[in-house]
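A short write-up of the structure that comes next.
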Amino acid sequence: MNARAADIPLRRDGAAKLLPWLIAPMVYLAALTLAGMLGLNGVLAGWDRGLAGTMTVELPSAQGAAADASLKATLALLKATPGVATAQPLDRAAEAKLLEPWLGTAVTPDELDLPRLVDLHIESGARLDLDALRKRLTAAVPGATLDDHHLWLDRLYTLALAAEATGLAIVAMVGAASVLTVIFATRAGLAAHHDVIELLHMIGAQDSYIARQFQRDALRLGFGGGVAGLVLAAITLWGLAHAAAATAVLGEEAKLLPDLGLVTWQWATLALLPPAAGVAAMLTARLTVMRALARLP
């Protein structure tokens with residue numbers, strides 16, 4: 001028999017016509033979940049790179065000569081520490097710029113009596129004894145603190161792991177729902193064309209020949225639904241990216257909404273969803289048909 005023949009009119013089935021409309025929202029949800037996971041990983045990687053080799057020294061708030069003396073002692077200690085590349089105080093103008101989106105220009109950092117901050121950069125490959133450095137800072141300037149950002153990053157990574165676990169659970173549930181949908185549609189097709197399938201069996205058609213017709217149709221429908229879902233997800237991500245850009249403050253330094261803009265390789269990863277949906281639908285249809293035909297006399 002011709003392997004490409006369509007002896008079973010599957011394209012006229014109502015369940016088959018409904019299958020892409022069921023797969024599309026599932027691929028849409030999976031794409032948004034994966035995009036969120038990839039975007040979160042990208043943000044964390046950017047923060048990690050940006051904070052690598054950097055620390056912040058916070059000096060207690062003081063005024064006049066006391067503030068200048070504390071800053072001078074801190075800079076002298078840091079610059080004399082082996083492994084320290086640079087130590088630069090954050091000037092009041094920069095602090096005012098950071099506070100401007102929330103407090104405006106009516107209040108200055110001096111009026112708020114804010115602590116002075118010193119940006120500390122470590123030489124590449126250098127290993128500092130942070131506990132010893134903290135003790136020397138405290139001895140030189142009582143109340144001074146050294147923040148190496150590790151505690152903050154560790155909490156962010158813990159949050160990211162929880163978000164990734166939740167995302168993977170969502171993708172797994174969406175995948176399971178898609179498989180069940182294909183099984184239902186395939187069984188509906190088997191029931192609707194029971195007489196044709198029995199006739200094909202009687203004239204010698206092999207189970208694999210019948211299964212190929214179902215799996216070919218499932219591949220087409222699954223891929224089509226996947227493409228539709230991915231297009232909708234791309235439109236949604238585009239809208240979210242523009243919404244995030246509209247909420248930017250301090251230029252592009254801070255945004256009130258997360259930026260879900262993806263790079264090329266991340267879009268390439270999402271582009272694998274429609275083929276994956278088609279292949280999953282094809283394999284599910286084949287297994288379902290083969291198991292059903294194995295029970296026929």
Side-chain angles (χ1 to χ4, degrees), residues 39-105 107-163 244 247-259 261 263:
L40 180 60
N41 283 333
V43 170
L44 288 177
W47 283 340
D48 196 14
R49 289 192 300 270
L51 295 177
T54 64
M55 299 181 187
T56 302
V57 176
E58 181 180 326
L59 303 178
S61 58
Q63 298 293 333
D68 294 336
S70 297
L71 181 60
K72 183 178 180 180
T74 300
L75 293 176
L77 187 151
L78 294 174
K79 292 179 180 179
T81 301
V84 174
T86 60
Q88 295 291 336
L90 187 67
D91 59 30
R92 290 303 192 185
E95 292 181 0
K97 186 178 179 181
L98 292 174
L99 295 174
E100 184 177 336
W102 291 273
L103 301 180
T105 58
V107 181
T108 66
D110 290 327
E111 292 175 326
L112 294 175
D113 197 22
L114 295 177
R116 293 301 303 270
L117 301 178
V118 178
D119 285 333
L120 184 63
H121 291 264
I122 309 302
E123 294 177 354
S124 178
R127 292 179 175 270
L128 294 183
D129 187 343
L130 298 183
D131 291 334
L133 180 57
R134 286 189 177 95
K135 290 178 181 179
R136 293 202 304 272
L137 278 171
T138 303
V141 182
T145 60
L146 175 65
D147 182 9
D148 60 359
H149 311 300
H150 284 169
L151 179 60
W152 183 66
L153 281 176
D154 288 343
R155 290 178 177 175
L156 285 177
Y157 277 117
T158 300
L159 175 63
L161 288 175
T247 62
V249 294
L250 296 178
E252 290 295 321
E253 295 180 16
K255 294 180 180 180
L256 301 180
L257 292 178
D259 188 357
V263 297

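Along the sequence shown, residues are numbered consecutively beginning with 1. In this text the structure is predicted, and so the values were computed from the model without any measurement.
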Result block: side-chain N/O donor-acceptor pairs under 3.5 angstrom for residues 71-79, not counting sequence neighbours:
residue : atom : partner : partner atom : Å
Thr74   : OG1  : Ser70   : O            : 2.8

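Considering every non-hydrogen atom in both Leu59 and Ala144, the closest pair reads CD2-CB, 3.9 Å.
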Derivation and outcome, side chain to side chain contact (heavy atoms under 4.5 Å, CB included), residues Thr56 and Leu120
CA-CA 6 Å; Thr56 302; Leu120 184 63; over 6 Å; no
Show your reasoning for whether side chain to side chain contact (heavy atoms under 4.5 Å, CB included) applies to Val57 and Leu117.
CA-CA 6 Å; Val57 176; Leu117 301 178; over 6 Å; no
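Here the CG-CD distance, from Asp119 to Gln88, works out to 8.5 Å after rounding to the nearest 0.5 Å.
Residues passing the side-chain contact (heavy atoms from CB on, under 4.5 Å) test with Ala80, sequence neighbours excluded: none.
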